[in-house]
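Shown next, in structure tokens, is the structure this report addresses.
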Protein chains: 2
Amino acid sequence: MREKADSDLVRRQNRLLLMEALRQHGAMARVEMGRHTGLSPASITTISSQLIADGILEEAHAAHAAAEGPQRRGRPVTRIDFNPRSANVVAVKVSIDGIELALADGRGAILARRTARTATYDAGPLAFGKLVADEITTLLAGARVPKRRVARAGIAVQGVADSQAGTVVWSPAFRERNISVAATIEGQLGIPCRVANDANMIAEGLIGSDRQRYGGTAAVVFMGYGVGMGLIINGQVYHGPTGAAAEFGHMNHLPDGPLCRCGRRGCVEAYVADYSLLRWASGHAVTQPPSSNAIPQQDMLALEAAAHRGDPAAVAAYAKAGEALGFGLARLIAILTPSRIVLAGPGTRAMPLIRPHLERALEQGVVDELRRTVEIEVVPIGTDMIVKGTIDRALRHVDREIFAHGPLTKRGRELETVA
Amino acid sequence: MREKADSDLVRRQNRLLLMEALRQHGAMARVEMGRHTGLSPASITTISSQLIADGILEEAHAAHAAAEGPQRRGRPVTRIDFNPRSANVVAVKVSIDGIELALADGRGAILARRTARTATYDAGPLAFGKLVADEITTLLAGARVPKRRVARAGIAVQGVADSQAGTVVWSPAFRERNISVAATIEGQLGIPCRVANDANMIAEGLIGSDRQRYGGTAAVVFMGYGVGMGLIINGQVYHGPTGAAAEFGHMNHLPDGPLCRCGRRGCVEAYVADYSLLRWASGHAVTQPPSSNAIPQQDMLALEAAAHRGDPAAVAAYAKAGEALGFGLARLIAILTPSRIVLAGPGTRAMPLIRPHLERALEQGVVDELRRTVEIEVVPIGTDMIVKGTIDRALRHVDREIFAHGPLTKRGRELETVA
DNA sequence: TTGTTTTATTTCGGCGTCCAAAAAAATGTT
DNA sequence: AACATTTTTTTGGACGCCGAAATAAAACAA
């Protein structure tokens, strides 16, 4: 309750309402929009025709409509959807051994992809931004989309991002700290850019795919090379005061526990991440600093196979991981009581090995009343959800910050009238 | 972004905006309202005169205005404030050995108080609601305020409250579970009633007293007989999906740690609460079930004195508490990175004994980057803040749910016109 | 005393958006 | 061809905001 209400707010809010319904349910007729938004048919007509005039929406071709099934009595509906040419967005996912780019149209459909293998780990604080900007330029050139058509770029990265400053404060993908990214891209390409945590982007993607299910209060834990978490609070992805994400992976489990990549001891990640499992299983000292190299998938598959065969060291490693994860979730539940916890990422392949220990830890760590209100689900989500989430977020931002306001030409027209 | 925008929303929002400015800054002139809300003078005139006609606000007497200091040039301002007779609210604070009631007017000024010593612990699930209802009746009778003038009652209680169901799911103040409160009060007195966690009400009170300071993302930890927490997320007190509060006190610190009142082992409360400190210091087994009796303040003062004298058992108890609290806060920071943590309650008397261990635990448990963004402050807040917070919350709710909508007479008039 | 200046508040007319009701459009049914 | 049905647009009225002008109420100045 901070903004005053006037006709401007009313227009923005209702335009946005209509666009949100479209993003969530896809192309629909005006009557349907009325049902979703609660607006009268008269208002839907007004708003939708303005959005069409602004080039943001478009009516579906009649041919398409005919394919919609048996025609009922009465005037047939005309379905409306986002105009793919309304805007483009770019998503960039940063890994330790390269970056992955995707270009999407105004409907969120991916027009082009690109993968660049580079040693991000050694890139300097300024060089990296330039590298990404160059890759984006190449991506756009290949798809013949001019820069000015790109309304926004989103960068997803493991670790702590400061979305206000547009920097990567700390990430396992970089040796150095405070890598500046957004400023370079905005400066070099003129494209507004946001840096965000990758697990948050998964949360964003889940909301986009099923608002019903993930729209309340939920936590998404991504297990893999590291451990990340995205929090959804009251239907919105939570970004802390500085725009940093929740750092569930670096929440302490036990004082003086195993050494973590972050330099502290006993973090959840130091039990649950790929490198931690390998370290336990191989009998290395838990104070041995983890390697910063990427871990090949086959190493993890081998470890899982060993555990399934009953190899004691491997079994013990997964037991440790389950206990740490369980107590970590127990503590999360004590603080937030989310109604849903989603476990995702390649690490969930080993859930059968982890689960019993996780459940036991939850029993020990949470009051029954709270435990019962939380549903824990395992979802086979890969890293592609990061890209989808980044695109979703970028488009929603464009909807809110640009499309909801009305056409630029309107302000132009006003000026013409005055002059 | 769920509600459609129409002129009704505009009216509600702007009325609320104006009332919020008044609640926060107290009586003010119309020009000032314009500055706070961003509304034009013309609109302020319209809105304020309607609120006055509705009996919600009133103009201050001219005499009062004169006392405001040296008169400047120009037409003098007429200050406006809430009409004390606009509505009343009742706040009830439940303790283990009695309940405390307060009646406030439409400005939040307390008109009457009442304390009733009763063994709440033994009250049954239905008897307790009746007891509270009777006490409220007596309170109102004493102040000569009729029931129908009370727009809302708020019940603050330790432990897990379900504000949706209006019950106390679990509380150390009761032997039994699922104590129904709101339904009885609403049924017997016809006063809408909400049950809430006491630490949440402290958070509510802090927001009311200094929105600037506590309005962002903050955590309030209340230390005393138990350990509670209220979370403020984006300026709003966080109530979980069921309306339950955060249960920081029952977040696990160490597996197999000392036995807690909740029946689990190793909760933060089992290290930090009064009974826990006494148990450590007295050398009792940590698996000894804690007594459910109230602990006299002098026992705690004696323990503090012993620790200050250097008594090893007492010193060790506070060291344990500091470490558990520190790691607890470290885990909280990893999940939410609040920009402020407020330590409050009688337990903070011992902060000099606790602090060094708390800081050490924080160093071990949180990445530096995050630790630096959090300010930890100790505020000498007593239980009276619970009452203030409960009143604040009730009034804000009345503002939003009743006053913002406009006069009932209006709907009446519409009906008359139609008939 | 009387006019001038200053600041606060109200009045007035216009604008934008919503809505209900009626009209128009587009198709199926008889 | 007339009627039924459903969707969409048009029309006229209401509400709430705003800018500009008018009014109100005081201090100050002549």
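Here the structure is a predicted model, which means the values were calculated and not measured.
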Report yes if a side-chain nitrogen or oxygen of [X] is closer than 4.0 Å to either non-bridging phosphate oxygen (OP1 or OP2) of [N]; otherwise report no.
X       : N      : value
A:Arg75 : C:dG28 : no
B:Asn14 : D:dC17 : yes
B:Arg72 : C:dA8  : yes
A:Thr78 : D:dT8  : yes
B:Arg30 : C:dA8  : no
A:Ser43 : C:dC19 : yes
A:Ser7  : C:dG16 : no
A:Lys4  : D:dC18 : yes

From [options], nucleotide with atom closest to [X] side chain:
X       : options                : result
A:Ala42 : D:dT8, D:dT11, D:dC17  : D:dT11
B:Pro76 : D:dA25, C:dC18, C:dT9  : D:dA25
A:Pro41 : C:dA8, D:dT9, C:dT17   : D:dT9
B:Ser40 : D:dC18, C:dT17, D:dT8  : D:dC18
B:Val10 : D:dG19, C:dT17, D:dG16 : D:dG16

What is the distance, rounded to the nearest whole Å, between atom [atom1] of [X] and atom [atom2] of [N]?
X       : N      : atom1 : atom2 : answer
B:Ile44 : D:dG19 : CD1   : P     : 13 Å
A:Gln50 : D:dT10 : CD    : P     : 13 Å
A:Leu17 : C:dT17 : CG    : P     : 15 Å
A:Arg12 : C:dC18 : CZ    : C1'   : 17 Å
A:Gln13 : C:dG16 : CD    : C1'   : 16 Å
B:Asp6  : D:dG16 : CG    : P     : 10 Å
A:Arg11 : D:dC17 : CZ    : C1'   : 13 Å
A:Arg35 : D:dT6  : CZ    : P     : 12 Å

message = Show, in sequence, the C-alpha distance, side-chain angles and deciding distance for A:Glu58 and A:Arg85, and conclude whether the salt bridge (charged side-chain N to carboxylate O under 4.0 Å, His left out) test is met.
response = CA-CA 10 Å; A:Glu58 64 176 15; A:Arg85 295 169 304 291; 3.3 Å; yes
key: Closest-nucleotide 5' rank along DNA chain D - winner of A:Glu59 and A:Arg73   =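 Its nearest nucleotide being more 5', the pick is A:Arg73.
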inquiry  = Assuming nearest nucleotide by heavy-atom distance, tell me which of B:Ile47 and A:Ser48 is located more 5' along DNA chain D.
reply    =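 The residue mapped nearer the 5' terminus is A:Ser48.
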query = Hey, are A:Ser43 and A:Ser40 close enough side-chain-wise for a donor-acceptor pair under 3.5 Å?
reply =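 The answer is yes; a qualifying pair exists.
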key: A:Ser48-A:Arg30 side chain donor-acceptor pair, cut-off 3.5 Å   =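 The answer is yes; a qualifying pair exists.
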message = Using a 6.0 Å distance limit plus a 45 degree cone around the ring axis, check whether A:Arg15 lies over the aromatic ring of A:Phe403.
response =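 The answer is no, since A:Arg15 fails at least one limit relative to A:Phe403.
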Polar side-chain atom of A:Thr46 near backbone of A:Ala42 as donor-acceptor pair, under 3.5 Å =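 Checked: pair present.
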ask   = Does the side chain of A:Leu9 come within less than 4.5 Å of A:Arg12's, by heavy atoms?
value =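 Contact flag for A:Arg12/A:Leu9 side chains = yes.
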